[in-house]
Amino acid sequence: MTRDEIFQNEALPHLRSLYGSAFRMTRNAHDAEDLVQETFLRAYRAFDRFTPGTNIRAWLYTILHRVRTDAFRKASRSPQTVEMEGEGPPVPPPQDALAGGGEDLERALQALPEVFRMAVVLRDVQDFTYEEIAHILEVPVGTVMSRIHRGRAQLRTLLGEQG
Amino acid sequence: MTCEAEKVTGFVDGALPPDERVRLEEHLLECAQCRAQVEAERALRARLGALPGPEPSPALAARVRGGLQKDRRPSRLRWALPLAAALALFAFWAHTAPGVVATQMAWDHDHCFGRKTLPAKVWTADGAFMGTWLQQHGTDPPNVPDGAAGLELVGGRHCSVGNRTLAHVYYTGGQRRLSLYVVPGWVRGGRAGEMRRGDKTVRILHTGGVTVGLVSEQAEVVEAFERALTTTYAQAVVRTLVAALPD
C-alpha cells in the first residue's frame, strides 16, 4: 500500500466526526468545511511523522485544534481569553429548554464559550479521555477537568436545570 | 471532606486517581448535593453522546481528496526543481573539475596504449604537422613538441571520454609512453598540479591559451614534457616577437 492509500484508509474515515466537532467549534458549515479541509491537508503533509498503530483520531483532533488556534491567532484574538469570564451563562436560557429532543441541547452547546464547548464536545460527544483531551488542547489534565466541569455546569444552567 | 464540584466531574469521567476516588465515594455517601451533581452530569453526558452529529455536505469528502491530490503535484515540483538545479550544478562541477578530467585522461591513456596497435588517425613524428592536423580537425593545439626525455611523437587522434572529446597525441620511447591531451573548454584551477591516478602521473597545465593534460607512468617524463611544452611555447612567442621587430 502506498503512503497515499494508507492515509486515505486511516484518516479519511474520521472526516464525519471531525466535521461534527469543527461545526461545533465554528458554528457554521462553511468555516467548518474549510477547517476540516485544512486539517486533512496538514495531516497529509505531516503523515510521515505519524507513528502507525497509534491513535490517529486523537492525532487528527490535535491538528484540528491547531488549525483553529492558528486561525484565531491570525485574526489576533484567542478563544482562550473567554475562560477568564465568570461562570454565569453567556446568554439567557433558551425558551424551549424543555422541548426535549436534541435541539435545545444543541442550542445550549452553541451558547457556551468555545473553550468550554470544545472540552465538553471532546469528552461527552467524542468520548476522548482526559489525557487525550489534554494532549489535543495542549493544556494540563487539571485544566481539562476544570473546563469540562464549568462547561457542563453552564449547559445545565442553560437547559434550565439546577446549577 | 467538603464539596469539590470539579472532582465530582472527574469522578463521573473516571479520571480521578484511586485514592481521590475512594475519598470522593465516601463523601458521596453523605452528600446529597454531590450525588445530584453525579446524576445530572451522567444524564447530560448520555444526552450529549446521543446527539446526532452535524452532517457534512456530500461534496466535502471529494473536496478534501481533491485538495490532497493538488498538494501532491506541486510537492513533486518542489523537490524536482532544486534537485535538477543541484544535478546541473554537480554536472558542471564534475565537468570542470581537474580531478575528474585527470581520471578521464588516465583511463583513456590506458585504453589507447592497451591496444595491440595504437589507434592513431594520423601518424607523424613532426610536432608542427601534428599541430596543423589538430587545427584542421577542430582543436586549437598548443605548440606540439617533437619529443622529450627520449620519447618521440608517434601520432594522434580524437578520443571521446565521458561527455567530452579530447585531442590525444601519443609519444613512445622503448617501454615508456606519454599521452598529451588537449582538453576543450574550461577546467577549473586549484589542483592543477601533479595528480596520481593508479600508477600514472597526471599533470594539467594551461599553455598558449589551451588546457593541456600530460599522462605517463613516469613522473620524470611528465616533467620533461611540461618543460618542453612551455619552452616550445616560449620559443614560439620569441619567434613571433622577433618577426614583428622592425629591421
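Residue numbers start from 1 in every chain, and the chains themselves are labelled A, B, ... in the order their sequence lines are given, proteins ahead of strands.
- Comparing A/L41, A/T39, A/V121 by how many heavy-atom pairs each has under 4.5 Å with chain B, the most go to A/L41.
- Between A/L159 and B/R47, some side-chain heavy-atom pair lies under the 4.5 Å cut-off.
- With a 4.5 Å cut-off on non-hydrogen atoms, A/L155 touches chain B through its side chain but not through its backbone.
- Residues A/V36 and B/P56 have side chains not in contact (no heavy-atom distance under 4.5 Å, counting atoms from C-beta outward).
- Proximity to chain B among residues 17-30 of chain A is limited to A/Y19, A/G20, A/F23, A/R24, judged by heavy-atom separations below 4.5 angstrom.
- Per-residue heavy-atom pair counts under 4.5 Å with chain B were compared for A/Q37, A/Q126, A/Q8, and the maximum is reached by A/Q37.
- Taken to the nearest 0.5 Å, the CZ atom of B/R42 stands 10.5 Å off from the CZ atom of A/R152.
- Remark: side-chain polar atoms of A/R16 are not paired, donor with acceptor, to backbone N or O of B/P54 under 3.5 angstrom.
- Side-chain contact between B/Q37 and A/R156: present, with at least one pair of heavy atoms (C-beta onward) separated by less than 4.5 Å.
- For chain B, the nearby part of A/R45 is the side chain; its heavy atoms alone come within less than 4.5 Å.
- Taken to the nearest 0.5 Å, the CD atom of B/Q69 stands 8.5 Å off from the OH atom of A/Y44.
- Residue A/I148 touches chain B through both its backbone and its side chain, counting heavy-atom pairs closer than 4.5 Å.
- With rounding to the nearest 0.5 angstrom, the OH atom of A/Y130 is 6.0 Å from the OG1 atom of B/T9.
- Side chains of A/M145 and B/D13 form no contact here, defined as non-hydrogen atoms less than 4.5 Å apart.
- Side chains of B/L44 and A/V120 form no contact here, defined as non-hydrogen atoms less than 4.5 Å apart.
- By number of non-hydrogen pairs under 4.5 angstrom with chain B, the leading residue of A/T129, A/D4, A/V125 is A/D4.
- A 4.5 Å side-chain heavy-atom check between A/D127 and B/R45 finds at least one atom pair inside the cut-off.
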